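I have placed the structure first, in the form of structure tokens, so that the comments after it can refer back to it.
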Amino acid sequence: MLAHVFLILLLSTFSKQDGTGYSDLTLEDAKLLVPELIRKYGYPCETHTVVSKDGYILEMHRIPYGRRGPSENRPAVYLQHGILLSSADWILAGVGKGFAYLLADDGYDVWMPNVRGTRYSRNHTALDPDKDAKKFWNFSWHEIAVDDVPSMIDYVIETVKQQQIFYIGHSQGTTVFYVMCSEKPEYNQKIRAMFSLAPVAYMQYMTSPLMRVIALAEGGLGFLLNLIGMYEFLPQSSFLANLGEDALCGDDSIVQVLCINPLFAILGFNAEQMNASLIPIVMGHTPAGASTKQFLHYAQEVNSGHFRQYDYGVLGNLNKYKSLFPPKYNLSNVKAPVYLHYSPNDWFSNPKDVNRLYQELGNVKGRFISLDHKFNHVDYLYGIDTPDLIYARVLSLMKRH
Ligand SMILES: *[C@@H]1O[C@H](CO)[C@@H](O)[C@H](O)[C@H]1NC(C)=O
Ligand SMILES: *[C@@H]1O[C@H](CO)[C@@H](O)[C@H](O)[C@H]1NC(C)=O
Ligand SMILES: *[C@@H]1O[C@H](CO)[C@@H](O)[C@H](O)[C@H]1NC(C)=O
Ligand SMILES: *[C@@H]1O[C@H](CO)[C@@H](O)[C@H](O)[C@H]1NC(C)=O
């Protein structure tokens, strides 16, 4: 099965290699931290720290204004990254392409949070991510949704002194929004409008082959990972990295990079939208860190077909939830205006699952299927045509609110 995934990646890469050399400039971009990178391209950047209620130290990056300088009344927009990703998502494509730069140039005050466990938020007031790994990494996207995101939204609202903010989420960044507004409906009022890029709530029809394998093994896998003490998803010595020595992935080509980077192996890869010179830069910034529990929680959804809290097994559920099964998230509580942007070819966000989400959300204002039907999960961040196909539409929809 794994070999199958890599073969697909291999073929799709060979079909569209342009052989461009990488300039020093871009290679440096792979190593710089997000604030350094933003300043390098002439934009202002601030770093803000927020501590979650349960002690995680979270770093947010802010571009307060764009190339035209500070102006009055800049609406705040909160850009929530997806799984294995970070605030880097919104800037790596570069000036004039990255969504954060486009928003700043369009007059917005741009906030890019990093959730617990990512490279910018791998810290805690009391726990060490390595020495106390079992406790530190004991979270899923549920905890991110009910603690990190509301804490950071409150911080932004307090800092900018606006009553409501825009929320743009990609992938897990949409999951945590739906969970937050279901579990803490008072947050609906703090949102002017929410834009879902590649929405993920139900996972029943998800087609990522590697994620299917994780789902098949979910029960035993959770037990195994606990046994070997692997709570952080793919730390350096991971089994996927070892595949780099395998015959298929062992050469110096771009293919190797695809083989060893779980981002593409799990979320998919679309050679037509991926600018080859961007790949090494993306590699320098991903995977940005996650807990194994985040993946196991998604895997449970693949198996159960439900959008609900983490399943601890019958005894664990009785103990934690006082019921045999975990409580479901009530999507009709999501009353903030939501726009859904999705694509038929997305490995992680299948249209059938998006339709079910659409039926259940409390206040959907629109749903848009990508004009390019080959659009895949990460194309929303790095795709060559993304500014025209996706960002332009979001920017114009924002003007309605
Ligand atoms: C983690 O946070 C503590 C403060 O609680 C700080 O002293 C330390 O430098 C931080 N570590 C990292 C790696 O950011
Ligand atoms: C992990 O979190 C769950 C749910 O909050 C809790 O029941 C369990 O005791 C925690 N385990 C550890 C090792 O902290
Ligand atoms: C790919 O990226 C390079 C470097 O940023 C840029 O010069 C080129 O125009 C991009 N190609 C496309 C098709 O966007
Ligand atoms: C879900 O929330 C709505 C209000 O938003 C409520 O009317 C409904 O009863 C809830 N459903 C469940 C199953 O709790």
Side-chain angles (χ1 to χ4, degrees), residues 16-30 37 40-41 52-56 91-98 101 116-117 124 126-129 131-147 178-179 181-189 222 225-227 229-232 254 270-282 291-294 296-297 306-313 315-323 325-336 359-363 372 379 381-389:
K16 194 90 179 244
Q17 272 245 32
D18 66 7
T20 14
Y22 314 129
S23 71
D24 290 343
L25 205 75
T26 57
L27 278 181
E28 189 199 40
D29 289 359
L37 204 48
K40 174 182 159 186
Y41 288 106
S52 74
K53 295 202 168 53
D54 55 2
Y56 289 85
I91 58 156
L92 289 186
V95 173
K97 291 183 184 143
Y101 295 126
R116 63 181 65 184
H124 189 279
L127 301 173
D128 182 295
K131 290 197 207 100
D132 310 307
K134 190 170 181 175
K135 281 193 170 149
F136 182 94
W137 296 99
N138 187 19
F139 62 82
S140 168
W141 34 262
H142 175 84
E143 286 73 21
I144 293 173
V146 298
D147 195 341
Y178 311 135
V179 173
C181 289
S182 300
E183 296 288 300
K184 298 177 161 242
E186 65 275 20
Y187 277 83
N188 284 294
Q189 278 100 54
L225 293 173
N226 258 310
L227 206 66
M230 190 174 141
Y231 308 103
E232 180 176 6
I254 276 177
N270 172 10
E272 286 178 24
Q273 283 295 328
M274 195 69 187
N275 186 336
S277 54
L278 206 56
I279 292 178
I281 304 171
V282 172
S291 70
T292 50
K293 211 168 159 181
Q294 280 166 262
L296 294 173
H297 197 174
H306 294 295
F307 184 43
R308 62 185 186 190
Q309 291 194 41
Y310 196 86
D311 192 341
Y312 289 96
L315 290 179
N317 292 341
L318 281 172
N319 184 32
K320 190 168 166 64
Y321 309 121
K322 311 279 176 279
S323 66
F325 298 106
K328 292 179 192 161
Y329 298 115
N330 186 345
L331 286 166
S332 61
N333 286 345
V334 184
K335 295 275 170 37
Q359 307 290 341
E360 293 184 20
L361 280 170
N363 186 15
D372 176 352
D379 291 339
L381 308 171
Y382 318 122
I384 290 167
D385 299 321
T386 310
D388 294 334
L389 288 182

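For ligands, and for the atoms within them, numbers begin at 1 and follow the listed sequence. Computed from a prediction, not measured in an experiment: that's the story for all the values here.
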For atom 11 (N) of ligand 4, which of Leu331, Asn330, Val334 has the closest heavy atom?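 The option holding the nearest heavy atom is Asn330.
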Next on the checklist: Heavy atom to atom 1 (C) of ligand 3, shortest distance: which of Asp29, Asn275, Leu278 holds it?
Outcome noted: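 Among Asp29, Asn275, Leu278, the closest heavy atom to atom 1 (C) of ligand 3 belongs to Asn275.
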Which class fits the ring pair Phe136 and His124: parallel under 30°, tilted 30 to 60°, perpendicular over 60°? perpendicular
Note: ligand 4 atoms sitting under 4.0 Å from heavy atoms of Lys335 are 5 (O)
Ser332 heavy atoms within 4.0 Å reach ligand 4 at atoms 1 (C), 2 (O), 3 (C), 5 (O)
| field | Test log, rule side chain to side chain contact (heavy atoms under 4.5 Å, CB included), inputs Leu92 and Asp29 | value | CA-CA 8 Å; Leu92 289 186; Asp29 289 359; 5.9 Å; no
Tightest non-hydrogen contact, residues Lys97 and Pro387, listed as O-CG, 3.8 Å
* To do: Report the C-alpha separation of Val179 and Trp141 in whole Å, then their side-chain angles, then the decisive distance to 0.1 Å, and conclude whether the side chain to side chain contact (heavy atoms under 4.5 Å, CB included) test is met.
  => CA-CA 9 Å; Val179 173; Trp141 34 262; 4.0 Å; yes
Of Tyr310, Tyr231, Tyr56, the one forming a ring pair (Phe, Tyr, Trp, His ring centres under 6.0 Å) with Phe139 is Tyr56
Which residue owns the protein heavy atom closest to [atom], what's the atom, and how far is it?
atom                   : answer
atom 5 (O) of ligand 2 : Lys320 NZ, 3.4 Å
atom 2 (O) of ligand 2 : Asn138 ND2, 2.4 Å
atom 4 (C) of ligand 4 : Asn333 OD1, 3.5 Å

| query | Which atoms from ligand 2 have a heavy atom of Tyr312 less than 4.0 Å away? | reply |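 Reading through ligand 2 atom by atom, the close ones are 3 (C), 4 (C).
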- Message: Can you confirm whether some protein heavy atom lies under 4.0 Å from atom 9 (O) of ligand 4, or whether none does?
- Response: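 Looking at atom 9 (O) of ligand 4, one finds that no protein heavy atom lies closer than 4.0 Å.
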Next item on the list: Take Leu331 and Ser182 through the test side chain to side chain contact (heavy atoms under 4.5 Å, CB included) and record every step on the way to the result.
Entry: CA-CA 6 Å; Leu331 286 166; Ser182 300; 4.2 Å; yes
**Asked** Any Lys/Arg nitrogen of Lys40 or Glu28 sitting under 4.0 Å from an Asp/Glu carboxylate oxygen of the other?
**Response** yes
